[in-house]
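Below: one structure, written as structure tokens.
To find a chain, count down the sequence lines: A is the first, B the second, and so on, and within it residues start at 1.
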There are 2 protein chains.
Amino acid sequence: MAGFLGQYEYQLDQKGRVSLPADYRRRADDSRFVLLQWEATHLTLFPVSTWEGVQQRLLDLRRGGSAVARHLRQITARAVEVEPDKQGRILIPGWLKEGAGLDGSALLIGALDRIEVWDPERFAAAAPDPGQESEELEAAVYEIFG
Amino acid sequence: MAGFLGQYEYQLDQKGRVSLPADYRRRADDSRFVLLQWEATHLTLFPVSTWEGVQQRLLDLRRGGSAVARHLRQITARAVEVEPDKQGRILIPGWLKEGAGLDGSALLIGALDRIEVWDPERFAAAAPDPGQESEELEAAVYEIFG
DNA sequence: GGTGGTTGTGGGGAATAGTGGGTAAGAGTG
DNA sequence: CACTCTTACCCACTATTCCCCACAACCACC
């Protein structure tokens with residue numbers, strides 16, 4: 001099955017809720033999601049079925065006892081399990097809105113097995129500059145799409 | 001099932017009680033927990049079902065008779081079994097509050113299979129500085145989230 | 001071109017969650 | 001045995017969260 005695709009810009013209401021595109025709701029095999037910030041720029045929304053695999057890898061890494069394992073709490077502390085209400089909206093906690101720079105509206109991006117939640121301006125700014133990086137991207141993309 | 005996630009800052013009342021987030025209470029398969037300090041910085045709260053595995057590993061280690069095994073009592077001495085009251089609060093003994101630097105308020109952190117109890121300022125100070133450590137963390141995290 | 005369903009958006013009201021404190025039972029001490 | 005201090009249970013208050021109803025825009029389909 002094709003994963004999450006496309007982009008939707010929705011309002012973030014005064015209670016901190018955003019609609020989840022109906023298309024995404026239908027595609028997800030589970031109605032529950034894990035919303036977390038593991039990159040500084042944006043939030044990521046995993047269906048719980050996908051999240052479980054991630055969680056297992058996190059547990060394995062922590063049990064390994066490496067130096068970085070001690071900081072994993074910084075990741076899990078920035079996560080919540082959310083479930084859309086009857087109208088298909090999820091509530092984004094204040095501390096996550098702040099971290100992702102969300103105010104007013106949110107851009108929902110389909111990213112195959114997950115959904116990303118961006119502040120529209122940040123997303124525009126995150127596009128690669130025409131230059132070296134963009135050339136590398138182009139080359140990689142050519143190899144994939146053939 | 002998704003484990004314990006997120007962060008909640010609650011008051012620590014004059015009797016030394018803290019509310020356990022309702023979400024955590026629902027998630028735990030058992031209402032009883034083991035609260036202990038095994039790291040200098042904070043306290044950790046294990047559901048008894050999870051604790052049993054830890055306890056088994058402690059017993060195995062002690063039976064192994066290694067040098068460190070002789071100091072395990074320093075760990076178990078800093079532990080208590082707690083159970084939330086009807087309002088969902090647990091009582092933190094004075095000697096544990098002191099060791100974790102708790103006063104006024106407590107930050108409850110979801111860490112997948114366990115819950116951590118931090119002094120808010122200490123938690124902020126424990127965040128990895130932008131630098132080598134933070135880069136390693138980012139790299140490890142990228143590998144996990146792909 | 002109407003018509004019915006679906007989708008995003010707004011807001012009111014009930015249930016729940018966190019917080020404070022009073023009082024009784026229990027443990028430890030002299 | 002009496003006294004004190006701690007722990008546990010209970011009642012009450014307030015703010016937040018969650019659930020539900022309702023509207024309006026859009027699309028598809030007769």
Side-chain angles (χ1 to χ4, degrees), chain A residues 4-28 31-35 45 48 79-98 102-110 115-120, chain B residues 2 4-28 30-36 43 45 48 78-99 102-110 115-120:
Chain A
F4 301 113
L5 298 171
Q7 56 183 296
Y8 301 81
E9 186 170 353
Y10 287 155
Q11 294 308 112
L12 209 103
D13 71 17
Q14 291 182 332
K15 295 183 179 178
R17 299 175 295 187
V18 222
S19 287
L20 220 56
D23 176 55
Y24 292 173
R25 294 202 302 268
R26 272 190 296 266
R27 273 201 155 61
S31 73
R32 296 171 307 156
F33 295 83
V34 169
L35 175 66
L45 201 54
V48 279
V80 242
E81 184 178 328
V82 295
E83 185 163 9
D85 63 15
K86 212 175 179 182
Q87 281 69 29
R89 293 172 290 195
I90 57 167
L91 177 70
I92 301 183
W95 82 80
L96 281 179
K97 275 197 309 190
E98 205 176 316
L102 291 171
D103 62 326
S105 61
L107 190 60
L108 293 143
I109 302 289
I115 301 159
E116 294 186 353
V117 184
W118 286 77
D119 175 64
Chain B
F4 300 111
L5 297 172
Q7 54 185 298
Y8 301 82
E9 186 170 353
Y10 287 157
Q11 295 308 113
L12 207 102
D13 71 17
Q14 292 181 333
K15 296 181 181 180
R17 300 174 295 186
V18 223
S19 287
L20 218 56
D23 178 54
Y24 292 173
R25 294 201 302 268
R26 274 190 294 265
R27 273 201 157 63
D30 195 320
S31 73
R32 297 170 307 155
F33 296 83
V34 170
L35 175 67
L36 93 156
L43 307 178
L45 200 53
V48 280
R78 289 192 190 140
V80 240
E81 184 179 328
V82 295
E83 185 163 8
D85 65 15
K86 210 175 179 182
Q87 279 68 29
R89 293 172 290 196
I90 57 167
L91 176 70
I92 301 183
W95 82 81
L96 281 178
K97 274 198 311 190
E98 204 176 317
L102 291 171
D103 63 325
S105 60
L107 192 59
L108 294 143
I109 301 292
I115 300 159
E116 294 185 353
V117 185
W118 286 75
D119 175 64

Please give me every residue in residues 89-97 of chain B whose heavy atoms get under 4.0 Å of an atom in DNA chain D, ordered by residue number.
B:Arg89, B:Leu91

With the threshold set at under 4.0 Å for non-hydrogen atoms, list the residues of residues 6-17 of chain B touching DNA chain C in residue-number order.
B:Tyr10, B:Gln11, B:Asp13, B:Lys15, B:Arg17

In Å and rounded to the nearest 0.5 Å, what is the CZ to CD1 distance from A:Arg17 to A:Ile92?
12.0 Å

Contacted region of DNA chain D by chain B, from 5' end to 3' end of the hits, cut-off under 4.0 Å to heavy atoms, spans D:dA8 to D:dC11

Nearest 0.5 Å please: distance from the CG atom of B:Asp85 over to the OG atom of B:Ser19.
8.0 Å

Check the distance between C:dT6's C1' and A:Lys86's NZ and give it to me in whole angstrom.
15 Å

Between C:dG8 (P) and A:Asp85 (CG): distance, integer Å
12 Å

Do the side chains of B:Val80 and B:Leu96 get nearer than 4.5 Å, heavy atoms only?
yes

note: A:Arg25, atom CZ; C:dT6, atom P; distance rounded to Å ~ 12 Å

How large an angle, rounded to 10°, do the end axes of the helix from C:dG1-D:dC30 to C:dG30-D:dC1 enclose when each is built from five base pairs?
30°

The criterion is ring-ring contact (aromatic ring centres under 6.0 Å, His included); which residues satisfy it with B:Phe33, sequence neighbours excluded?
none

The reported gap from CD1 in B:Ile90 to CG in B:Leu108 (rounded to nearest 0.5 angstrom) is 7.5 Å

Does B:Ser19 put a side-chain nitrogen or oxygen below 4.0 Å from OP1 or OP2 of C:dT19?
yes

Between the CD atom in A:Gln7 and the CD1 atom in A:Ile109, the distance rounded to the nearest 0.5 Å is 5.0 Å

Report yes if a side-chain nitrogen or oxygen of A:Arg26 is closer than 4.0 Å to either non-bridging phosphate oxygen (OP1 or OP2) of C:dT7; otherwise report no.
yes

Non-hydrogen side-chain atoms of A:Leu12 and A:Asp103 separated by less than 4.5 Å
no

With side chains defined as the heavy atoms from C-beta onward, is the minimum distance between B:Tyr10 and B:Pro21 less than 4.5 Å?
yes

Reference residue B:Leu43; test side-chain contact (heavy atoms from CB on, under 4.5 Å); the match among B:Leu35, B:Asp119, B:Leu36
B:Leu35

Salt bridge or not for B:Asp30 and B:Arg32, using N-O below 4.0 Å?
yes

Holding to salt bridge (charged side-chain N to carboxylate O under 4.0 Å, His left out), I want the full list of residues that pass it with A:Asp23, two or more places apart in sequence or in another chain.
A:Arg27

With rounding to the nearest 0.5 angstrom, report the CG to NZ distance, A:Leu91 to A:Lys15.
10.0 Å

Rounded at 0.5 Å granularity, tell me how far CG in A:Leu20 sits from CZ in A:Arg89.
12.0 Å

